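Sequence lines set the chain letters: A, B, ... in the order given, protein chains first and strands last, and positions in each chain run from 1. Because the structure is predicted, anything quoted here is derived from the model rather than measured.
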Amino acid sequence: MDSIENYLEKVMTSANLFHKDSCRVESELRDHLHEIFDSKNKRNHSKEEVWKMVEQEFGDAQALGQEIAKAKGKFLTYCKKSFLSWKSWVLGIGIVLIFFSMASFFYIKNARLAPILQEDSIVLAWRWVSDYSPGDIVIYKNEGQYRYALVKKIDGKKLLLSRGEQEEISLEKNAIWGKVIVQTR
Amino acid sequence: MKSKSQFLKGCIRTSVLQLLSEKPMYGYQIATELAKRSEDIFSLGQGTLYPMLYSLEKKNLIKTSHTEFLDNGRKRLYYTITESGFEMLEENKLTWFEVVRAMQLVLGTNYG
């Protein structure tokens with residue numbers, strides 16, 4: 001029925017809801033308006049007269065839209081529209097958390113491994129790595145502190161690492177925290 | 001009169017919770033039942049029922065229970081009361097009976 005659809009369009013334009021909410025509200029109001037229309041249409045009135053009564057009973061479309069928008073929460077609607085749904089946020093945060101449980105950023109304080117690794121650069125290290133090759137930069141923990149070194153040689157399960165300035169150490173593969181996969185310069 | 005309308009809105013909110021505590025209902029059913037039981041005193045513009053329902057739903061006092069698919073292609077959404085809604089209803093009823101009793105005592109009439 002055109003009059004009902006026109007009325008609904010005015011309400012929904014005024015309410016300006018998130019798509020999913022909008023569909024639900026529109027469907028609910030449509031059912032209610034048809035119910036009132038049918039109940040009044042049983043008497044001896046023209047369709048226009050019936051619609052006028054329905055509109056009067058239901059209230060001004062624009063005002064109703066604004067009231068619905070307020071009840072649904074204008075800020076919430078804004079958030080839903082702007083930042084997609086909360087499910088996407090949860091998923092996004094989950095992905096970030098998983099990523100940072102597997103990777104970490106490190107700040108390089110000195111130029112021990114220059115020019116391979118410059119002073120004041122930031123590196124991203126990946127945790128779950130078992131495959132190393134000479135030339136890789138790895139991160140390991142020593143006395144509670146993260147340290148970085150260059151893989152010089154691989155000898156079975158052991159890695160020969162260079163810390164620069166002729167300092168070399170040998171570490172088991174499983175003692176390595178991770179491998180640098182990205183560096184800023 | 002704004003104060004009367006605000007007062008009525010408060011009463012209608014409690015009445016809606018009462019109706020939904022009895023059985024799940026859809027919008028039109030709530031509006032007609034409310035008007036019938038209150039002898040048309042609570043027959044606001046029917047559209048204004050929805051902002052109230054959405055506001056109660058946002059406060060977790062009511063929730064949608066199920067959707068009925070009608071033969072004419074329309075969908076009908078039923079609401080029901082939540083546990084917090086029940087608690088709020090009981091609280092409101094208690095306040096209401098206290099107010100009625102107090103007003104009767106003060107006014108010295110048998111109204112209410």
Note to self: Quick check on the structure: residues of residues 25-36 of chain B within a heavy-atom distance below 4.5 Å of chain A, by number.
What the structure shows: B:Tyr26, B:Gly27, B:Tyr28, B:Ala31
Margin query: Surrounding CD of A:Gln56 (heavy atoms of other residues, nucleotides or ligands, distance under 6.0 Å), is the total greater than 12?
Written below: no
Item checked: Exceeds 12 heavy-atom contacts within 6.0 angstrom, atom NZ of A:Lys173 -> yes
Margin query: Counting only non-hydrogen atoms closer than 4.5 Å, does B:Lys58 touch chain A with its backbone (N, CA, C, O), its side chain (CB onward), both, or neither?
Written below: side chain
Notebook entry, point to check: In Å and rounded to the nearest 0.5 Å, what is the CD to CZ distance from A:Glu28 to B:Arg76?
Noted result: 11.0 Å
Notebook entry, point to check: Same cluster or not: are A:Val180 and A:Leu160 linked, directly or through other Ile, Leu, Val, Met, Phe, Trp or Tyr residues, by side-chain heavy atoms under 4.5 angstrom apart?
Noted result: no
Item checked: Residues, nucleotides or ligands: over 12 heavy atoms within 6.0 Å of A:Glu168 CD -> yes
Notebook entry, point to check: What distance separates B:Leu77 CG from A:Arg24 CZ, expressed to the nearest 0.5 Å?
Noted result: 5.0 Å
Note to self: Is the shortest side-chain heavy-atom distance between B:Tyr50 and A:Lys72 below 4.5 Å?
What the structure shows: no
Considering only distance and modelled atom types, tabulate donor-acceptor pairs under 3.5 Å from the side chains of residues 96-110 of chain A, sequence neighbours left out.
residue, atom, partner, partner atom, Å
A:Ser101, OG, A:Ile98, O, 2.7
A:Tyr107, OH, A:Asp120, OD1, 2.3
A:Asn110, OD1, A:Arg112, N, 3.3
A:Asn110, OD1, A:Tyr148, OH, 2.5

Notebook entry, point to check: Do B:Met52 and B:Ile41 belong to the same hydrophobic cluster, where Ile, Leu, Val, Met, Phe, Trp and Tyr are linked whenever their side-chain heavy atoms lie under 4.5 Å apart, directly or via other members?
Noted result: yes
Margin query: Please find the pair of heavy atoms, one from A:Ala71 and one from B:Ser55, that lie closest to each other, and give the distance.
Written below: CB-N, 4.0 Å
Next item on the list: Check whether A:Leu33 gets within reach of chain B through its side chain, its backbone, both or neither, counting any heavy atom under 4.5 Å.
Entry: neither
Next item on the list: Anything in residues 67-74 of chain B with a heavy-atom distance to chain A below 4.5 Å? Please list those residues in order.
Entry: B:Leu70, B:Arg74
Notebook entry, point to check: So which part of A:Val25 gets closer than 4.5 Å to some heavy atom of chain B, the side chain, the backbone, both or neither?
Noted result: both
Notebook entry, point to check: If you group Ile, Leu, Val, Met, Phe, Trp and Tyr by side-chain heavy-atom gaps below 4.5 Å, do A:Ile95 and A:Trp128 land in one group?
Noted result: no
Note to self: With a 4.5 Å cut-off on side-chain heavy-atom distances among I, L, V, M, F, W and Y, is there a chain of contacts connecting A:Leu161 to A:Ile181?
What the structure shows: yes
Note to self: Side-chain heavy atoms nearer than 4.5 Å, only ILVMFWY residues, links allowed to pass through others: does that put A:Tyr146 and A:Ile116 together?
What the structure shows: yes
Next item on the list: Could you list which of residues 78-94 of chain B have a heavy atom closer than 4.5 Å to any heavy atom of chain A, in residue-number order?
Entry: B:Tyr79
Margin query: Out of A:Asp21, A:Leu64, A:Val11, A:Asp60, return the one with the most heavy atom pairs under 4.5 angstrom to chain B.
Written below: A:Leu64
Checklist line | Most contacts with chain B, counted as non-hydrogen pairs under 4.5 angstrom, among A:Ala69, A:Ala63, A:Ser27 | finding: A:Ser27
